[in-house]
Amino acid sequence: MSLLEKYENELQRLKQQGNFRGFRSNVQQGKYITIQDHQMLNLSSNDYLGLASNVLLREEFFDLVPNEQRVMSSASSRLLTGNFPEYEQLEQTLSHAFHGRAALLFNSGYHMNIGILPAVSDSKTLILADKLIHASMIDGIRLSHAKYVRYRHNDLQHLEALLEKYQRDESIEQIIVVTESIFSMDGDETDLAALVQLKNKFSNVMLYVDEAHAIGVRGKKGLGCAEQYGVMSDIDFLVGTFGKALASVGGYLICHPIIREYLINKMRPLIFSTAQPPISMAWTNFIFQKVLLMQQSRDDLEHLSDYLQTQVKEKGYTCPSTSHIVPVVIGDSNQTICLAQRLQDVGFYVMPVRPPTVPQNSSRLRISLTAQNNQAELSALLDLL
Ligand SMILES: *Cc1c(COP(=O)(O)O)cnc(C)c1O
């Protein structure tokens with residue numbers, strides 16, 4: 001028997017279940033995506049403000065940065081020789097925007113989530129996590145020595161009951177509550193103000209909130225739901241990614257300076273991986289400062305999102321969304337795949353999302369909007385649902 005056979009068999013099984021994945025080459029132009037010569041409106045992108053596809057911004061950036069500053073590799077971890085000025089400049093920009101709190105950068109949101117949680121917890125830590133958190137946080141929890149309990153999605157009463165229960169557990173010294181602000185599959189959001197109030201009832205609880213889908217999109221300056229709900233200084237670990245609305249790559253943490261220093265000493269993906277190229281830091285810094293001023297795009301996106309959510313519900317579909325991520329819950333997987341294919345055939349690039357990514361019988365079309373979309377496009381899509 002060949003050593004490859006078991007892998008081959010597993011791939012065969014995935015294909016039979018309709019869960020086989022593969023890369024598809026594509027070409028993107030503005031809000032459109034072309035796959036196998038078929039151009040479609042891209043409704044599956046995380047480029048929520050349309051900045052990743054903006055050629056003018058790119059030109060402006062390269063005009064500003066002379067060739068000798070276009071450093072394409074840091075050649076080491078920041079702790080060795082990789083700490084270029086671009087890193088400190090971006091951290092300063094972030095710190096300034098987030099009311100003077102400390103900022104720390106990571107190579108990706110994934111690195112960030114698998115690195116911070118194991119570093120800041122030990123066997124006397126309990127992590128209470130929302131049932132629907134992103135895989136990167138689940139992996140971080142798995143790498144840690146913490147005890148791990150999940151609470152029902154967005155159910156703060158359930159969370160409160162667990163917090164009270166574990167106050168009486170002598171083996172627990174510290175509790176970290178882990179959640180997202182806007183959730184990637186349902187497009188719904190955590191009531192951050194209520195969450196902060198709940199945390200403040202206890203002296204041993206810290207909050208870890210991932211703003212991956214909210215940074216750039218929410219708040220007057222685009223600093224996320226924490227800005228929108230006025231709780232920026234109350235979240236102990238405020239994290240996000242530059243890979244979505246910010247049109248770049250990398251993760252960031254906003255925290256107390258002691259936590260920042262601690263992570264520099266303890267966080268393995270930060271210590272043992274070559275830092276991102278300085279040019280990426282410079283680009284993120286450039287984009288971030290633009291995004292602070294993009295109130296109009298954020299308003300446009302919000303109006304479009306409200307319109308789509310309302311219309312999808314009016315058609316009788318379940319749609320938990322309160323954001324620019326708008327699922328249309330169909331239920332049956334094969335039906336969802338067929339519908340997605342039909343929409344793609346007529347020019348809307350909408351992806352089906354199936355179990356295990358979402359719970360059984362809740363297969364859905366996941367529409368993610370960008371500020372470049374308009375109501376006429378969405379109206380045409382809605383006519384097909
Ligand atoms: C996309 C995402 C990440 C990962 O961020 P990358 O920078 O893409 O590695 C982490 N958390 C959430 C909630 C995400 O949606």
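Quantities reported herein were computed from a predicted structural model and do not represent experimental measurements.
- Between the side chains of Asn113 and Tyr208, at least one donor N or O sits under 3.5 Å from an acceptor N or O.
- One finds the OH atom of Tyr148 at 11.0 Å from the CG atom of Leu126 (value rounded to the nearest 0.5 Å).
- Under the 4.5 Å side-chain heavy-atom criterion for grouping Ile, Leu, Val, Met, Phe, Trp and Tyr, Val353 is not connected to Leu43 through any hydrophobic cluster.
- Side chain of Arg366 to backbone of Ser44: no donor-acceptor contact under 3.5 angstrom is found.
- Side-chain contact check for Tyr151 versus Val177: some heavy-atom pair is nearer than 4.5 Å.
- Heavy-atom contacts from other residues, nucleotides or ligands closer than 6.0 Å to NZ of Lys313 number more than 12.
- With Arg218 contributing its side chain and Glu211 its backbone, the two residues share no donor-acceptor pair below 3.5 Å.
- Between the His38 side chain and the Ile33 main chain, no donor and acceptor come within less than 3.5 Å of each other.
- Under the 3.5 Å distance criterion, the side-chain polar atoms of His158 are matched with a main-chain donor or acceptor of Arg152.
- Between Lys131 and Asp155 no salt bridge is recorded (no basic side-chain N to carboxylate O distance below 4.0 Å).
- Between the side chain of Ser144 and the main chain of Ile141, a donor-acceptor pair closer than 3.5 Å is present.
- Annotation for Glu68: atom CD counts as buried by contact number, over 12 foreign heavy atoms lying within 6.0 Å.
- When hydrophobic side chains of Ile, Leu, Val, Met, Phe, Trp and Tyr are connected at separations under 4.5 Å, Val27 ends up as a singleton with no cluster partners.
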(request) Show your working on side-chain contact (heavy atoms from CB on, under 4.5 Å) between Tyr252 and Met112 and close with a plain yes or no. (result) CA-CA 7 Å; Tyr252 65 88; Met112 161 188 95; 5.8 Å; no
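- Val329 and Leu339 end up in different hydrophobic clusters when Ile, Leu, Val, Met, Phe, Trp and Tyr side chains are linked at under 4.5 Å.
- Both Leu57 and Ile215 belong to a common hydrophobic cluster when Ile, Leu, Val, Met, Phe, Trp and Tyr are linked at side-chain heavy-atom distances under 4.5 angstrom.
- For His153 and Phe183, the distance between ring centers is under 6.0 angstrom.
- Arg342 has no carboxylate O lying under 4.0 Å from a charged side-chain N of Asp345, or vice versa, which leaves the two without a salt bridge.
- Between Ser248 and Trp283 the shortest heavy-atom distance is OG-CD1, 3.3 Å.
- The minimum heavy-atom distance between Ile325 and Ser184, with the atom names listed, is CG2-O, 3.5 Å.
- Counting only distance, with no hydrogens or angles, the side chain of Glu189 and the backbone of Ser323 share no donor-acceptor pair below 3.5 Å.
- Summarising the local packing, NZ of Lys315 is surrounded by more than 12 heavy atoms from other residues, nucleotides or ligands at distances under 6.0 Å.
- In this structure, Arg78 pairs ionically with Glu91, as a charged nitrogen and a carboxylate oxygen lie closer than 4.0 Å.
- Ring centroids of His111 and Phe106 are separated by 6.0 Å or more, keeping the two rings apart.
- Here the side chain of Asn373 pairs a donor or acceptor atom with the backbone of Thr370 at under 3.5 angstrom.
- Note on Asp236 versus Lys199: salt bridge recorded, some NZ/NE/NH1/NH2 to OD/OE distance being below 4.0 Å.
- The backbone N or O of Asn374 sits less than 3.5 Å from a side-chain atom of Glu377, completing a donor-acceptor pair.
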